[in-house]
Amino acid sequence: QVQLVESGGGLVQAGGSLRLSCAASGSSGRIFSIVVMGWYRQVPGKQRELVASITQNGNTNYADSVKGRFTISRDNAKNTGYLQMNSLKPEDTAVYYCNMFTVGVVSGNWWGQGTQVTVSS
């Protein structure tokens, strides 16, 4: 099992910034490698959508709605990923989920518990 713990969500005014973090840990110290890490978001009544993703080599992909405002990054040594969100808009309000695909002793697709981001106008 791989556990993902997210932090950094909250309430911010439009135009503000937030930084989300996602730390991965394996049970009993099992070793794994994070192949791809992504951030998704979901609002009630809608499907979960990909916001941004980053590969092990650092290649990134962004949803058109966040390009130029959000930046995804990762620290492989710490098994931690980040999503820097700038120039936030009310339509960015959602629950944000961290996702990681791992290989190694523990392989699989893992999700965090979600963190609420609310942007007020």
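Please read these numbers as outputs of a predicted model, since none were measured by experiment.
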Okay, side chain of Asn99, backbone of Trp110: is any donor-acceptor separation there less than 3.5 Å?
yes
Is there a side-chain contact between Val66 and Met85 in this structure, where contact means two heavy atoms from C-beta onward sitting under 4.5 Å apart?
no
Return the minimal non-hydrogen interatomic distance between Leu50 and Ala63, and the atom names on each side.
O-CB, 3.5 Å
Does the plane of the ring in Phe70 sit parallel, tilted or perpendicular to the ring in Tyr96? Use 30° and 60° as the thresholds.
tilted
Step by step, work out the side-chain contact (heavy atoms from CB on, under 4.5 Å) result for Arg41 and Ser65.
CA-CA 12 Å; Arg41 66 187 181 188; Ser65 59; 3.3 Å; yes
Please report the shortest heavy-atom distance between Pro90 and Ser121, naming the atom on each side.
CG-CB, 3.8 Å
Verdict with supporting geometry, Trp111 and Arg48, side-chain contact (heavy atoms from CB on, under 4.5 Å):
CA-CA 12 Å; Trp111 290 92; Arg48 192 172 295 186; 3.2 Å; yes
Can you see which heavy atom on Leu88 is nearest to which on Leu18, and at what distance?
CD1-N, 3.8 Å
Between Glu6 (side chain only) and Leu20 (backbone N and O only), is there a donor and an acceptor less than 3.5 Å apart?
no
Are any of the side-chain nitrogens in Lys67 or Asp64 under 4.0 Å away from the carboxylate oxygens of its partner?
yes
Which heavy atom of Val43 sits nearest to which heavy atom of Thr93, and what is that distance?
CG1-O, 3.1 Å
How about Tyr82 and Cys22: do any of their side-chain heavy atoms sit closer than 4.5 Å?
no
For Gly81 and Trp39, work out which heavy atoms get closest and say how close.
O-CZ2, 4.1 Å
So which atom in Tyr62 and which in Thr71 form the shortest heavy-atom distance, rounded to 0.1 Å?
OH-CA, 3.4 Å
Are Met100 and Val2 packed together at the side-chain level, in the sense that at least one heavy-atom pair is separated by less than 4.5 angstrom?
no
